[in-house]
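Data first, discussion second: the structure below is written as structure tokens.
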Amino acid sequence: MTVSSTQELLLSRIRDVPDYPKPGVVFKDITPLLADPQAFQALTGALAELCVRSGATKIVGLEARGFILAAPVAVTAQLGFIPVRKAGKLPGATLSQAYDLEYGSAEIEVHAEDLLPGDRVMVIDDVLATGGTAEASLELIRRAGAEVAGVAVLMELGFLGGRARLEPALGGAPLEALITL
């Protein structure tokens, strides 16, 4: 499957939901894509290829939809999968990172022992919007002593400026979006 045919397939399975979660927002619903085995397999394969090409040794998935994408990508690429969760969801010793949201702040965590010096970590999520969660995950990866291999997302909402926010934190690592809207 070519890059353009993969993009067309993926786009055809993403549903726009107007006025969700609030008036004026058009939510990009990926559940029809996940329900279509051909589209889900194409997505998994494309993301796994990016991970292998980057030399990743582990994959981080961002809660919650990032888990849905990152776990099958890790299996396909034969790499370890590490969940980055909202604060208070992981047992045991964790590293945490606070970050700012549009209205307030949030915190994410990873198990401290899951990322090691020498690991090259690819971050996977469904959407790059403002970039806050991805930026915080990059900080967590580096604090654990691992290296950032890159960030890969199904879609980038370019009008929200996430790429510009993330560029300094990437430190030259690639940011790959299969679809840019």
Side-chain angles (χ1 to χ4, degrees), residues 1-56 58-79 81-86 99 101-102 106 108 121-138 148-170 172-181:
M1 192 173 275
T2 67
V3 171
S4 64
S5 63
T6 298
Q7 287 174 326
E8 288 173 24
L9 174 61
L10 299 177
L11 268 172
S12 74
R13 301 303 189 272
I14 296 170
R15 177 177 52 192
D16 285 348
V17 181
D19 299 320
Y20 183 82
K22 61 183 184 180
V25 172
V26 178
F27 183 78
K28 300 294 184 183
D29 181 14
I30 67 167
T31 59
L33 187 158
L34 299 174
D36 179 325
Q38 182 185 7
F40 196 11
Q41 186 172 20
L43 171 60
T44 301
L47 291 172
E49 184 180 314
L50 294 174
C51 292
V52 170
R53 192 173 347 137
S54 74
K58 290 188 179 165
I59 295 174
V60 155
L62 303 182
E63 188 166 344
R65 289 184 302 267
F67 295 173
I68 297 168
L69 304 186
V73 168
V75 170
T76 300
Q78 299 182 348
L79 301 172
F81 167 71
I82 294 127
V84 168
R85 306 254 2 230
K86 294 174 183 167
Y99 62 101
L101 297 166
E102 189 175 353
I108 56 174
V121 183
M122 177 69 82
V123 175
I124 293 184
D125 205 2
D126 64 331
V127 175
L128 176 64
T130 61
T133 308
E135 181 182 41
S137 74
L138 299 178
V148 173
V151 174
V153 296
L154 165 58
M155 72 184 119
E156 177 181 353
L157 304 179
F159 59 93
L160 292 176
R163 182 174 290 268
R165 177 178 182 167
L166 212 49
E167 289 284 333
L170 283 164
L175 168 57
E176 305 270 5
L178 300 179
I179 299 167
T180 301
L181 302 172

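We use all heavy atoms of the structure for the numbers below, so side chains are in, but hydrogens, waters and symmetry mates are not. Along the sequence shown, the residues carry numbers beginning at 1.
For the salt bridge (charged side-chain N to carboxylate O under 4.0 Å, His left out) test, residues two or more places apart in sequence or in another chain that qualify with Glu135 are Arg165. Qualifying salt bridge (charged side-chain N to carboxylate O under 4.0 Å, His left out) partners for Asp16, counting only residues two or more places apart in sequence or in other chains: Lys28. Looking at residues two or more places apart in sequence or on another chain, you find a salt bridge (charged side-chain N to carboxylate O under 4.0 Å, His left out) between Glu49 and Arg53. Annotation: side chain to side chain donor-acceptor pair (under 3.5 Å) contacts of Tyr99 (sequence neighbours excluded): Thr133.
Remark: of the listed residues Val3, Leu9, Leu10, Val3 is the sole one forming a side chain to side chain contact (heavy atoms under 4.5 Å, CB included) with Gln7.
Under the 4.5 Å side-chain criterion, counting only non-hydrogen atoms from C-beta, Leu43 is not in contact with Thr6. Side-chain contact between Ile14 and Pro32 is absent, with no heavy-atom pair separated by less than 4.5 Å. A heavy-atom distance below 4.5 Å is not found between the side chains of Met155 and Thr180. Ile179 places a side-chain heavy atom less than 4.5 Å from the side chain of Leu154. Two residues are said to be in side-chain contact when any heavy atoms from C-beta on lie closer than 4.5 Å; Val121 and Val148 fail this criterion. Residues Leu157 and Val127 are in side-chain contact: their nearest non-hydrogen atoms beyond the backbone lie under 4.5 Å apart. Leu178 is listed as a side-chain neighbour of Leu50, based on a closest heavy-atom distance under 4.5 Å. Side-chain contact check for Leu166 versus Leu128: some heavy-atom pair is nearer than 4.5 Å.
Across all their heavy atoms, Cys51 and Ile124 have their closest contact at SG-CD1, 3.8 Å. The two atoms that bring Ala149 and Pro174 nearest to each other are O-CD, 3.3 Å, heavy atoms only. Nearest heavy atoms, Thr76 versus Ala48: CG2-CB, 3.7 Å. Here the closest heavy-atom approach between residue Phe67 and residue Gly61 is recorded as CE2-O, 3.3 Å. Scanning all heavy atoms of the two residues, the minimum distance from Phe40 to Leu69 falls at CE1-CD2, 4.2 Å.
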Please step through side-chain contact (heavy atoms from CB on, under 4.5 Å) for the pair Leu33 and Ser12, ending with a clear verdict. CA-CA 8 Å; Leu33 187 158; Ser12 74; over 6 Å; no
side-chain contact (heavy atoms from CB on, under 4.5 Å) between Leu175 and Arg163: does it pass, once the steps are laid out? CA-CA 8 Å; Leu175 168 57; Arg163 182 174 290 268; 3.6 Å; yes
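Applying the side-chain hydrogen bond (donor to acceptor under 3.5 Å, both in side chains) test to residues at least two apart or on different chains, the pairs with a partner in residues 33-48 are Arg13-Asp36. Residue pairs that meet the salt bridge (charged side-chain N to carboxylate O under 4.0 Å, His left out) test with at least one member in residues 62-77, sequence neighbours left out, are Glu63-Arg85, Arg65-Asp126.
Considering CG of Leu47 and CD1 of Ile59, their distance stands at 8.5 Å, rounded to 0.5 Å. Here the CG atom belonging to Asp29 is positioned 9.0 Å from the OH atom belonging to Tyr20, to the nearest 0.5 angstrom.
Under the 3.5 Å distance criterion, the side-chain polar atoms of Glu176 are left unmatched by any main-chain donor or acceptor of Val151. Without hydrogens or angle criteria, Asp19 side chain to Gly24 main chain gives a donor-acceptor distance under 3.5 Å.
The number of heavy-atom neighbours closer than 6.0 Å to CZ of Phe27, taken from other residues, nucleotides and ligands shown, is above 12.
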